[in-house]
Amino acid sequence: MGFADQRFNVNLSILFTELPLLERPAAAAAAGFTAVELWWPWVDSPTPEQSELDALKKAIEDAGVQLTGLNFYAGQLPGPDRGALSIPGEESERFRANLDVAIAFAQSLGCTTFNALYGNRVDGVDPAEQDALALENLVLAARAVGRVGGTVLIEALNQPESPKCPIVSAPKAIETVDKVNEATGLGNAKFLMDLYHLSMNGEDLPSVIEQYAAKTGHVQIADNPGRGAPGTGSLPLEELLDQLKKAGYDGWVGLEYKAGDRPSAEAFDWLPREARAAR
């Protein structure tokens, strides 16, 4: 067991960001990786020009890497936003407009896994109203993704860094997953278990894994403190990933950490090159 037994992908929205978007897939390939994931790259537009979508598709294909995960439109990310689907008005409409665009783009690259970020509480809006809107939009997303045999992920963020987001614990994310699956009957909503966020919340990570591995559709990692590469903090990430594997999780592990003050290509020394290609 250990890191060498995992299937890793690189999140190109947090790593290799010193490069233009279209150069990042090739940089990940040059570092030895064969799979990547992305936040929605067009933070100002849920429906970018087809030429922009085609250019990114070509960059991914030319690099020879597989897209394994994509966020739906989530507003300014990184930035002040934490998602759009629970925000009444224009942001909710943007999320809905993005569904078919994101699904078509991802499916053209063989990707059927989508992260639907919940969004922040809005001052002056009843939280119950936001939660009802969120469930409505998550149901729309799950049904749309279901048509391509896909999965919708619901992620727990962390309270210190996302104080206005209501999904800041594993139990709360699981509660939302269950509500979506109950509403659709599809069973294609899953938990995105980000070990960094959960550790920032002070959650018992072995217990979270034990309870929720079966409902987990994707895992992301960064060390804590600092959100750096494994080994830069104090989280026992190798042991935690081993526990996940023993619990039956055999999906991707997204590298969603910061390279720090070095080039991203130098931020993978914890992982032998032969262990970076997907198996």
Side-chain angles (χ1 to χ4, degrees), residues 2-43 56 59-60 62-71 74-82 111 113 115 117 153 155-158 160-162 192-201 205 218-241 244 251-278:
F3 287 140
D5 290 319
Q6 306 295 333
R7 287 198 299 159
F8 292 106
N9 66 29
V10 177
N11 190 306
L12 297 181
S13 299
I14 194 168
L15 284 158
F16 295 108
T17 54
E18 67 269 28
L19 299 173
L21 175 64
L22 298 184
E23 295 179 19
R24 295 177 205 169
F33 293 94
T34 55
V36 299
E37 64 182 28
L38 280 163
W39 303 341
W40 184 248
W42 299 277
V43 296
L56 181 55
I60 291 170
D62 287 352
V65 294
Q66 179 184 355
L67 181 69
T68 58
L70 179 67
N71 282 20
Q76 297 290 323
L77 190 74
D81 299 331
R82 296 293 185 270
C111 170
T113 300
N115 185 14
L117 286 168
L153 300 171
E155 180 177 9
L157 302 182
N158 75 75
E161 294 175 325
S162 303
L192 196 168
M193 185 187 292
D194 185 311
L195 296 177
Y196 166 75
H197 287 314
L198 300 178
S199 71
M200 284 285 288
N201 287 328
L205 299 183
H218 186 45
V219 172
Q220 291 174 334
I221 63 169
D223 215 330
N224 189 24
R227 201 175 186 177
T232 60
S234 58
L235 287 184
L237 290 168
E238 199 162 14
E239 295 172 23
L240 293 167
L241 293 180
L244 266 162
W252 295 97
V253 176
L255 304 181
E256 199 184 62
Y257 59 79
K258 298 175 182 178
D261 57 3
R262 54 186 169 165
S264 295
E266 298 175 12
F268 304 108
D269 50 359
W270 58 276
L271 183 65
R273 191 175 181 90
E274 60 270 17
R276 299 176 190 178

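Keep in mind that what you see is a predicted model, and the values were worked out from it rather than measured.
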Worked verdict on R262 versus D269 for side-chain contact (heavy atoms from CB on, under 4.5 Å): CA-CA 12 Å; R262 54 186 169 165; D269 50 359; 3.7 Å; yes

Minimum heavy-atom distance A4-A275, with the two atoms named: CA-CB, 3.9 Å

Student check: side-chain heavy atoms of L255 and I14 closer than 4.5 Å: no

Side chain D81, main chain Q76, donor-acceptor under 3.5 Å: yes

Distance (rounded to the nearest 0.5 Å) between F33 CZ and L15 CG: 8.5 Å

Candidate pair S13 and L38, rule side-chain contact (heavy atoms from CB on, under 4.5 Å), full reasoning: CA-CA 6 Å; S13 299; L38 280 163; 3.7 Å; yes

Straight-line distance of L241 CG to R7 CZ, nearest 0.5 Å: 13.0 Å

Modelled atom types, side-chain donor and acceptor of Q66 and T34, under 3.5 Å: no

Any side-chain heavy-atom pair of L117 and L77 under 4.5 Å: yes

For F8 against F3, the heavy-atom pair lying closest together: CE1-O, 3.2 Å

E239, CD: over 12 other non-hydrogen atoms inside 6.0 angstrom: no

Nearest atoms (heavy-atom pairs only) where L19 meets A27: CD1-CB, 3.5 Å

For the student: nearest non-hydrogen atoms of A63 and A29, plus distance: O-CB, 3.5 Å

Donor-acceptor pair between E238 and W270 side chains, under 3.5 angstrom: no

Check: Q220 and M193 side chains under 4.5 Å, non-hydrogen atoms: no

Close side-chain approach of M200 to R227, heavy-atom, < 4.5 Å: no

Min side-chain heavy-atom separation S264-T17 under 4.5 Å: no

Under 3.5 Å: donor-acceptor pair, side chain of S162, backbone of L157: no

Sub-4.5 Å side-chain heavy-atom contact between V219 and L244: yes

From CA spacing to verdict: side-chain contact (heavy atoms from CB on, under 4.5 Å), N9, V36: CA-CA 5 Å; N9 66 29; V36 299; 5.5 Å; no

Side-chain (H218) to main-chain (G251) donor-acceptor, under 3.5 angstrom: no

Under 3.5 Å side-chain donor-acceptor pair for E161 and H197: no

Verdict with supporting geometry, K258 and D223, salt bridge (Lys or Arg N to Asp or Glu O under 4.0 Å): CA-CA 9 Å; K258 298 175 182 178; D223 215 330; over 6 Å; no

Identified side chain to side chain contact (heavy atoms under 4.5 Å, CB included) counterpart of P230 within the set I221, L235, L271: I221

Residue pair P25 / L12, side-chain heavy-atom distance below 4.5 Å: yes

Non-hydrogen side-chain atoms of D194 and E256 separated by less than 4.5 Å: yes

Separation between CG of L67 and CD1 of I60, rounded to the nearest 0.5 Å: 5.0 Å

side-chain contact (heavy atoms from CB on, under 4.5 Å) evaluation trace for L198 with L205: CA-CA 7 Å; L198 300 178; L205 299 183; 3.5 Å; yes

W42 backbone acceptor or donor facing W40 side chain under 3.5 Å: yes

Exercise: identify the closest heavy-atom pair between A278 and W252: CB-CH2, 3.3 Å

Between CZ on residue F268 and CZ on residue R273, distance to nearest 0.5 Å: 10.5 Å

Minimum heavy-atom distance V253-Q6, with the two atoms named: CG2-OE1, 3.9 Å

Main-chain N/O of N224 paired with S199 side-chain donor or acceptor, under 3.5 Å: no

Separation of L153 CG from N115 CG (nearest 0.5 Å): 5.5 Å

Any donor-acceptor N/O pair, Y257 side chain to A267 backbone, under 3.5 Å: yes

